[in-house]
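What's counted below: heavy atoms across the whole structure, side chains too, no hydrogens, waters or symmetry copies. Start at 1 with the first residue, then count along the sequence.
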Amino acid sequence: MKGKMKTLHGLYKALGRDAFLAAAKVYSNHVQNTVEATLSVMESTWYDNAQTITEAEKMIADYNKGHLTRESAEDMLRQEKLAETFVNNTNSVLRKVSFEQLESSLQSADKSYAGEVLKEMHNAFVKTYGADYLDDSEYEFVSIPAVIRSRNTGKLCLGIVTLDLESSGEHWGTDFLTPYGVVTQGDPDADASLLEYIRDNFTPYDYWYTAYVEGDIHVNFDDIPEDVADLISAGNGEQQGEEPDYAMKM
């Protein structure tokens with residue numbers, strides 16, 4: 001029977017550097033590039049608003065209760081590396097995109113360029129995860145290429161949505177591909193005029209993504225607008241006008 005972990009430094013030794021830093025992000029928004037700096041900030045930062053337990057104490061307590069294990073920390077590290085790979089693969093696609101041409105394509109009858117861009121983004125996703133089917137028991141947070149549609153005007157946009165698969169696909173964030181580049185909704189560092197552009201043109205909005213996510217209760221693919229369905233089909237490599245195939249990929 002293992003003894004109780006007493007210090008965050010000891011927990012770092014038990015988990016290993018990279019797994020520790022990946023797991024620490026569950027408990028702190030202040031994880032640094034080095035273990036030493038991360039230990040320092042977590043030991044001096046409250047985990048809760050009532051200031052009853054520090055981030056370090058919470059992480060140690062979860063480890064001692066079995067809520068955090070070396071296996072779970074290593075899985076967090078695996079998923080973090082996949083997310084980083086997806087970002088790199090997607091950025092390779094976006095560097096070649098004409099955002100003005102994309103906007104023109106989305107708002108015209110001929111959406112072939114938008115379909116090609118979405119297909120390349122979808123291919124970046126498949127290249128990262130090895131498939132376009134995600135099991136909700138295997139992943140936690142995942143980002144997927146998507147088509148975004150304003151509820152008020154029907155205006156379309158391509159983007160990337162981040163979902164919490166452990167919460168049945170709960171939506172956590174959206175990156176919009178705008179004529180001005182990629183804009184992350186709610187990003188405090190983004191130009192105010194770009195955030196205003198998102199609010200004026202798309203909020204509120206619906207989204208549909210190109211992969212199949214098991215257990216997502218938040219997106220209805222049975223009631224998908226025709227223009228969105230055509231883009232999703234193009235993103236999946238199907239002919240526009242074809243019914244998207246959301247059957248489980250085996």
Checking the side chain of Ser44 only, and the main-chain atoms of Ser40 only, is there a donor and an acceptor separated by less than 3.5 Å?
yes
Is a side-chain donor or acceptor of Ser167 paired with a backbone partner of Gly169 at a separation under 3.5 angstrom?
no
Is there a donor-acceptor pair under 3.5 Å between the side chain of Tyr113 and the backbone N or O of Ser98?
yes
Is it the case that the side chain of Ser105 and the backbone of Gln101 share a donor-acceptor pair, with hydrogens and angles ignored and the cut-off at 3.5 Å?
no
Apply side-chain contact (heavy atoms from CB on, under 4.5 Å) to residues Asp132 and Tyr212 and explain how you reach the verdict.
CA-CA 6 Å; Asp132 57 2; Tyr212 178 89; 5.8 Å; no
Single-linkage hydrophobic cluster, 4.5 Å side-chain cutoff, Val87 and Val126 together
no
Donor-acceptor pair, Asn64 side chain versus Met5 backbone, under 3.5 Å?
yes
Applying side-chain contact (heavy atoms from CB on, under 4.5 Å), name anything that partners Asp200, two or more places apart in sequence or on another chain.
Glu196
Tell me whether Glu74 is salt-bridged to Arg78, with the criterion being a basic N under 4.0 Å from an acidic carboxylate O.
no
Pairing of Lys96 and Glu120 as salt bridge, 4.0 angstrom limit:
no
Are Asp230 and Lys111 ion-paired here, with the side-chain N under 4.0 Å from a carboxylate O?
no
Pair Asn88-Glu84, side-chain donor/acceptor within less than 3.5 Å:
no
Once the angle between the rings of Phe125 and His122 is folded into 0 to 90°, is it parallel (under 30°), tilted (30 to 60°) or perpendicular (over 60°)?
parallel
Among side-chain atoms of Asp110 and Ser108, is any donor-acceptor pair under 3.5 angstrom?
no
Under a 4.5 Å side-chain heavy-atom rule over Ile, Leu, Val, Met, Phe, Trp and Tyr, are Phe141 and Leu163 clustered together?
no
Please find out if less than 6.0 Å separates the ring center of Tyr139 from that of Tyr129.
yes
side-chain hydrogen bond (donor to acceptor under 3.5 Å, both in side chains) for Thr128 and Thr85? Distances and angles first, verdict last.
CA-CA 6 Å; Thr128 302; Thr85 299; over 6 Å; no
I need the Ile232 CD1 to Ile224 CD1 distance, nearest 0.5 Å.
5.5 Å
Please check if the number of heavy atoms outside Lys81 that lie under 6.0 Å from its NZ is greater than 12.
no
Donor-acceptor under 3.5 Å (His171 side chain, Gly173 main chain):
yes
With sequence neighbours excluded, give me every side-chain hydrogen bond (donor to acceptor under 3.5 Å, both in side chains) pair touching residues 176-194.
Asp175-Thr184, Gln185-Tyr205, Asp191-Ser193
Is a side-chain N or O of Trp208 found less than 3.5 angstrom from the main chain of Asn220, in a donor-acceptor match?
yes
Measure from the side-chain N and O atoms of Thr162 to the backbone N and O of Val142, and report whether any donor-acceptor pair falls under 3.5 Å.
no
Mind checking whether Tyr209 and Phe221 have ring centres under 6.0 Å apart?
yes
Using side-chain heavy atoms (C-beta onward) and a distance below 4.5 Å, is Leu195 in contact with Val183?
yes
Please check if the side chain of Glu140 supplies one atom and the backbone of Met76 the other of a donor-acceptor pair under 3.5 Å.
no
Is there a side-chain contact between Ser143 and Trp172 in this structure, where contact means two heavy atoms from C-beta onward sitting under 4.5 Å apart?
no
Quick one: list whatever passes side-chain hydrogen bond (donor to acceptor under 3.5 Å, both in side chains) with Asp62, sequence neighbours left out.
Tyr27, Lys58
Under 3.5 Å donor-acceptor, Ser72 side chain and Leu68 backbone:
no
Are side-chain heavy atoms of Lys155 and Phe202 found at a separation under 4.5 Å?
yes
Going by heavy atoms in the side chains, are Val35 and Phe20 under 4.5 Å from each other?
yes
For His30 and Thr45, what are the C-alpha separation, side-chain angles and deciding distance, and is it a side-chain contact (heavy atoms from CB on, under 4.5 Å)?
CA-CA 9 Å; His30 312 96; Thr45 303; 4.0 Å; yes
Under the criterion side-chain contact (heavy atoms from CB on, under 4.5 Å), I'd like the reasoning laid out for Val182 against Phe99: C-alpha separation, chi angles, the key distance, then a yes or no.
CA-CA 9 Å; Val182 181; Phe99 289 97; 4.2 Å; yes
